[in-house]
Amino acid sequence: MTRKFNANKLVVASHNKGKVREISALMLPFGVETLSAAELDLPEPVEDGLTFIANAELKARSAAEKSGLMALADDSGLVVPALDGRPGIHSARYAVNPETGKRDFAYGMEKLEKELATIEGDRAAYFACALSLAWPACADYPEGHVESFEGRVNGTLVWPVRGANGFGYDPMFQADGYDMTFGEMEAASKHDISHRANAFKKLIHACFS
């Protein structure tokens with residue numbers, strides 16, 4: 001049986017300001033106070049899972065264990081079937097600029113476009129998201145507990161990139177049925193259709209309803 005949310009504070013287990021902002025906005029209607037992992041000075045665990053869910057769960061469990069609070073973690077990325085699923089679970093690492101050693105999504109999008117130019121596959125892609133909600137250990141759950149949910153949104157990669165909203169690969173991604181990229185959409189419009197929103201709806205239905 002799915003465990004229900006039973007707290008008034010929630011750690012967003014991420015150091016990515018864009019993700020924290022997006023998840024905090026999604027939680028706002030539920031009157032839950034959100035704290036980021038960065039605010040609590042929590043370390044970033046090594047993401048060595050082989051799937052989005054595996055990585056989301058290890059981040060959520062780590063934050064719950066170290067903070068003693070419930071924690072919500074996201075693991076998401078851009079999947080391009082014509083590139084054998086790249087960048088996939090390595091979407092953040094894919095965007096690390098070797099000259100600076102820092103994550104740079106302008107560099108990542110240009111790198112992705114260069115890869116696409118070497119093949120004759122289509123430009124279909126999808127954003128995938130796994131959300132994991134973790135409870136810290138207690139008498140009933142001595143090893144803690146976690147519930148996980150997945151969402152996705154299908155679309156096409158465009159070039160040149162368009163828009164300065166959102167984060168990550170948003171300016172390159174145009175969802176099916178829309179003429180704007182995620183980088184051109186206002187936050188509220190993106191929240192209605194995004195992979196994160198799709199996963200979040202499942203989480204709310206299961207753990208909050």
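Quantities reported herein were computed from a predicted structural model and do not represent experimental measurements.
- Annotation: ring-ring contact (aromatic ring centres under 6.0 Å, His included) contacts involving residues 71-95, sequence neighbours excluded, are absent.
- Within the structure, ring-ring contact (aromatic ring centres under 6.0 Å, His included) pairs that include any residue of residues 54-76 do not occur (at least two apart or interchain).
- Within the 4.5 Å cutoff, side-chain heavy atoms of L69 are placed close to those of L35.
- When hydrophobic clusters are built by joining Ile, Leu, Val, Met, Phe, Trp and Tyr residues whose side-chain heavy atoms come closer than 4.5 Å, directly or via intermediates, V80 is not grouped with I89.
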Walk me through whether L42 and V11 qualify under side chain to side chain contact (heavy atoms under 4.5 Å, CB included). CA-CA 10 Å; L42 300 180; V11 178; 4.1 Å; yes
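- Here the side chain of Q174 pairs a donor or acceptor atom with the backbone of Y178 at under 3.5 angstrom.
- Looking at heavy atoms from C-beta onward, L116 lies in side-chain contact with L83 at the 4.5 angstrom threshold.
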Inset, instruction - Please assess N165 against F182 for the test side chain to side chain contact (heavy atoms under 4.5 Å, CB included), listing each intermediate value before the final yes or no. - result: CA-CA 7 Å; N165 296 332; F182 273 5; over 6 Å; no
Item to check | Residue pair V153, D176: steps toward the side chain to side chain contact (heavy atoms under 4.5 Å, CB included) verdict | outcome: CA-CA 8 Å; V153 58; D176 288 348; over 6 Å; no
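- Without hydrogens or angle criteria, E39 side chain to S36 main chain gives a donor-acceptor distance under 3.5 Å.
- Between D48 and N55, the closest heavy-atom pair is N-OD1, 3.6 Å.
- Between L133 and F5, the closest side-chain pair of non-hydrogen atoms falls below 4.5 Å.
- Surrounding CG of N6 are more than 12 heavy atoms belonging to other residues, nucleotides or ligands, all under 6.0 Å away.
- The structure places OG1 of T34 at 12.5 Å from CZ of R21, a figure rounded to the nearest 0.5 Å.
- E47 is listed as a side-chain neighbour of D75, based on a closest heavy-atom distance under 4.5 Å.
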Please table the atom pairs, donor to acceptor, closer than 3.5 Å between any side-chain atom in residues 101-110 and protein atoms at least two apart or in another chain.
from: D104; atom 1: OD1; to: A106; atom 2: N; distance (Å): 3.1
from: D104; atom 1: OD1; to: Y107; atom 2: N; distance (Å): 3.3

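- Residues in residues 188-206 take part in these salt bridge (Lys or Arg N to Asp or Glu O under 4.0 Å) pairs, two or more places apart or across chains: E22-K190, E22-R196, D74-R196, D170-K190.
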Name the atoms and distances for all side-chain donor-acceptor pairs under 3.5 Å in residues 138-145, with sequence neighbours left out.
from: H145; atom 1: NE2; to: E147; atom 2: OE2; distance (Å): 2.8

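- Closest approach of T181 to P171, counting heavy atoms only: CG2-O, 3.5 Å.
- Remark: F30 pairs with V32, F200, I204, F208 by the side chain to side chain contact (heavy atoms under 4.5 Å, CB included) rule, at least two apart or across chains.
- For the atom pair CZ (R61) and CD (E65), the distance works out to 10.0 Å, reported to the nearest 0.5 Å.
- Listed by chain and number, the residues in a side chain to side chain contact (heavy atoms under 4.5 Å, CB included) with A199 are C129, L131 (sequence neighbours excluded).
- Among all heavy-atom pairs drawn from H191 and A197, the shortest one is O-CB, 2.5 Å.
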Problem - Residue pair K19, S76: steps toward the side chain to side chain contact (heavy atoms under 4.5 Å, CB included) verdict - result: CA-CA 10 Å; K19 283 188 180 182; S76 55; 3.4 Å; yes
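- The main-chain N or O of K59 is never found under 3.5 Å from a side-chain atom of S62 such that the two would form a donor-acceptor pair.
- Residue pairs that meet the ring-ring contact (aromatic ring centres under 6.0 Å, His included) test with at least one member in residues 61-82, sequence neighbours left out, do not exist here.
- Between L58 and V46, the closest heavy-atom pair is CD1-O, 3.4 Å.
- With sequence neighbours left out, the side chain to side chain contact (heavy atoms under 4.5 Å, CB included) criterion links H15 to A37, A38, E44.
- A71 approaches A64 most closely through the heavy-atom pair CB-N, 3.7 Å.
- Residues meeting the side chain to side chain contact (heavy atoms under 4.5 Å, CB included) test with S91, sequence neighbours left out: L78, P87, Y169.
- Within the structure, no pair that satisfies the salt bridge (Lys or Arg N to Asp or Glu O under 4.0 Å) test touches residues 1-13, not counting sequence neighbours.
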For residues 154-161, which side-chain N or O atoms pair as donor and acceptor with protein atoms under 3.5 Å away, sequence neighbours left out?
from: N154; atom 1: OD1; to: R152; atom 2: NE; distance (Å): 3.4
from: N154; atom 1: OD1; to: R152; atom 2: NH2; distance (Å): 3.0

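- Counting non-hydrogen atoms of neighbouring residues, nucleotides and ligands closer than 6.0 angstrom, the CG atom of L50 reaches no more than 12 such neighbours.
- A heavy-atom distance below 4.5 Å is not found between the side chains of E33 and N8.
- Following chains of ILVMFWY side-chain contacts shorter than 4.5 Å, one cannot reach F167 starting from F173, and the two form parts of different hydrophobic clusters.
- Put simply, the side chain of S189 never gets that close to the backbone of M185: no donor and acceptor are under 3.5 Å apart.
- When hydrophobic clusters are built by joining Ile, Leu, Val, Met, Phe, Trp and Tyr residues whose side-chain heavy atoms come closer than 4.5 Å, directly or via intermediates, M70 is grouped together with L203.
- A 4.5 Å side-chain heavy-atom check between F127 and N198 finds every atom pair outside the cut-off.
- When hydrophobic clusters are built by joining Ile, Leu, Val, Met, Phe, Trp and Tyr residues whose side-chain heavy atoms come closer than 4.5 Å, directly or via intermediates, V12 is grouped together with M27.
- Cluster annotation: M172 is not connected to Y126 through the hydrophobic network of ILVMFWY side chains, with a link wherever side-chain heavy atoms come within less than 4.5 Å.
- Nearest heavy atom pair, residue F149 against residue C207, reads CZ-SG, 3.9 Å.
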